[in-house]
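FYI, side chains are in, hydrogens and waters are out, and symmetry mates aren't considered; it's all heavy atoms of this structure. Counting convention: from 1, in listed order, for ligands and their atoms alike.
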Amino acid sequence: MIYSINNPVPIPRKSQELFGKKMKLFDVYAINPLEIMRGEGSVVWDSVGNEYLDMYGGHAVISIGHTHPHYVKRITDQLHKIGFYSNSVEIPGQIQLAELLGNVSGKAGFQLFLCNSGAEANENALKLASFYNGRKKVIAFTGAFHGRTSLAVAATHNAKIVAPVNETDNVIFLPFNDTEALEAAFASYGNEISSVIVEGIQGVGGIKAASYEFLNQIRTLTSQYDSIFIADSVQCGYGRSGSFYSHDLAGIEADIYSMAKGMGNGFPIGGIAISPKIKPWIGMLGTTFGGNHLACAAALAVLEVIEKDSLIENAANVGTYLIDELRKMDKISEVRGKGLMIGIDLPTELSSVKKNLLLKNRIFTGEAKPNVIRLLPALNLTKAHADRFLEALDERLKTD
Ligand SMILES: Cc1ncc(COP(=O)(O)O)c(C=O)c1O
């Protein structure tokens, strides 16, 4: 059959049925019915001009504040030169980023591989560990969240989001912070363990910190058995805890640090910082978009501002202030966290507080199940903004 203008290709029956209909979004998010149009620092405005305090940092992503002038300028300048070219050519921004990240994070001897998201960073970390020692088993922990791609989601402790195709016997879950269970696991099959992946402070799991003893034990056992220690720093890293990597607080050094969220202040970029003991070979890892010119400009701007404005110190100071004040408040069951990664555990009868902070006080916060308010604001949150939040929360606790 020859098709022509007079004898067109027949439209399949399914497409005929859909003709005239509009494509819709795939409905996977519980959405607040408001549109954020503009932001500056830790303040955002909706489409009808209402102002909100952003104690959520757009999901732990906004590290240096919305529309920071240096960030806007650096990305704009880069866009005027070139936005993208592939990893088949030299991209000087990547080299500058590796150097600056090494200095600011205190891991100058490490190597950087760039990608686009947190899940991808963990996926690459787990894969790299397996390339390194030729093993298959991964230890992850109860309450962990490592992303939604294949091995990252298999290492995530939430059966609901693991599709049958992602299920694997290679991931073993152990109880979080249980040193005895970890010791026993290594004693029985230590030589099969490729890597241990752990968040320094569990985010989605409800702002629960790994104990320093636990992190030290992971370090000791992974070193003893030549397994790789992967420090998932996607949410708890990049200065959020008041240390560059929250795992630093335990006085240990991991073999791979995965990062994303705060790295680009909203521009999609992720990465892994890799110990010098892991050697690369051409083709070992790869990506189309990872480390592109624009992403590097965004990430460089973030680190420059973090360094120049001492934002890690600010996160530590304002975070300590917030935590101390929150602990004085009645009705809160528990306050957890470090720096500007704070979990406020509320009793069930106060389950409306988070919603009302947004509706009545115009303050964005995050949440974790069952009833934890998660604070993940920009690292340059001011004390005045912290006070505004504390006053609003006090009002909610008295009236809700
Ligand atoms: C600790 C941790 N790891 C990994 C991820 C996955 O990151 P992404 O959503 O960028 O893939 C997240 C996201 O919330 C996270 O909190």
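- Between Phe244 and Tyr238, the distance from one ring center to the other falls under 6.0 angstrom.
- The structure places CG of Leu249 at 4.5 Å from OG of Ser241, a figure rounded to the nearest 0.5 Å.
- Not counting sequence neighbours, the partners of Ser223 by the side-chain contact (heavy atoms from CB on, under 4.5 Å) test are Arg219.
- When each of Thr156, Asp232, Thr149 is paired with Asn122, the side chain to side chain donor-acceptor pair (under 3.5 Å) condition holds for Asp232 and for no other.
- Looking only at protein heavy atoms, the nearest one to atom 2 (C) of ligand 1 is Phe145 O, 3.3 Å.
- Near Glu199, the atoms of ligand 1 lying under 4.0 angstrom from a non-hydrogen atom of the residue are 1 (C).
- Every atom of ligand 1 with a heavy atom of Asn122 under 4.0 Å away is listed here by number and element: 3 (N), 4 (C).
- Every atom of ligand 1 with a heavy atom of Ser117 under 4.0 Å away is listed here by number and element: 10 (O), 11 (O).
- The side chain of Lys261, and not its backbone, has at least one atom closer than 4.0 Å to an atom of ligand 1 (non-hydrogen atoms only; side chain from C-beta on).
- When the side chains of ILVMFWY residues are joined at heavy-atom separations under 4.5 Å, either directly or via intervening members, Ile62 and Leu53 end up in two distinct hydrophobic clusters.
- Atom NE2 of His146 and atom CD of Glu123 lie 12.0 Å apart (nearest 0.5 Å).
- Nearest to atom 16 (O) of ligand 1 among the protein's heavy atoms is Gln235 NE2, 2.8 Å.
- Atom 8 (P) of ligand 1 has Gly118 N, 3.5 Å as its closest protein atom, hydrogens excluded (heavy atom only).
- Between Tyr225 and Phe186, the ring planes lie tilted relative to each other; the angle falls in the 30° to 60° range.
- Summary of contacts: the protein heavy atom closest to atom 11 (O) of ligand 1 is Ala119 N, 2.8 Å.
- At a 4.0 Å heavy-atom cut-off, ligand 1 touches His146 through the backbone alone.
- Between Arg240 and Glu199, none of the side-chain N atoms (NZ, or NE/NH1/NH2) sits under 4.0 Å from a carboxylate O, so this pair counts as no salt bridge.
- Counting the atoms of ligand 1 from 1 in the order shown, those under 4.0 Å from a heavy atom of Gly147 are 4 (C), 6 (C).
- Asp232 OD2, 2.9 Å is the protein heavy atom nearest to atom 3 (N) of ligand 1.
- With a heavy-atom cut-off of 4.0 Å, Thr149 does not touch ligand 1 at all.
- Among pairs with a residue in residues 281-301, none fulfils salt bridge (charged side-chain N to carboxylate O under 4.0 Å, His left out), at least two apart in sequence or across chains.
- Every atom of ligand 1 is numbered from 1 in the order shown, and the set under 4.0 Å from a heavy atom of Val234 is 2 (C), 3 (N), 4 (C), 5 (C), 7 (O), 12 (C), 15 (C).
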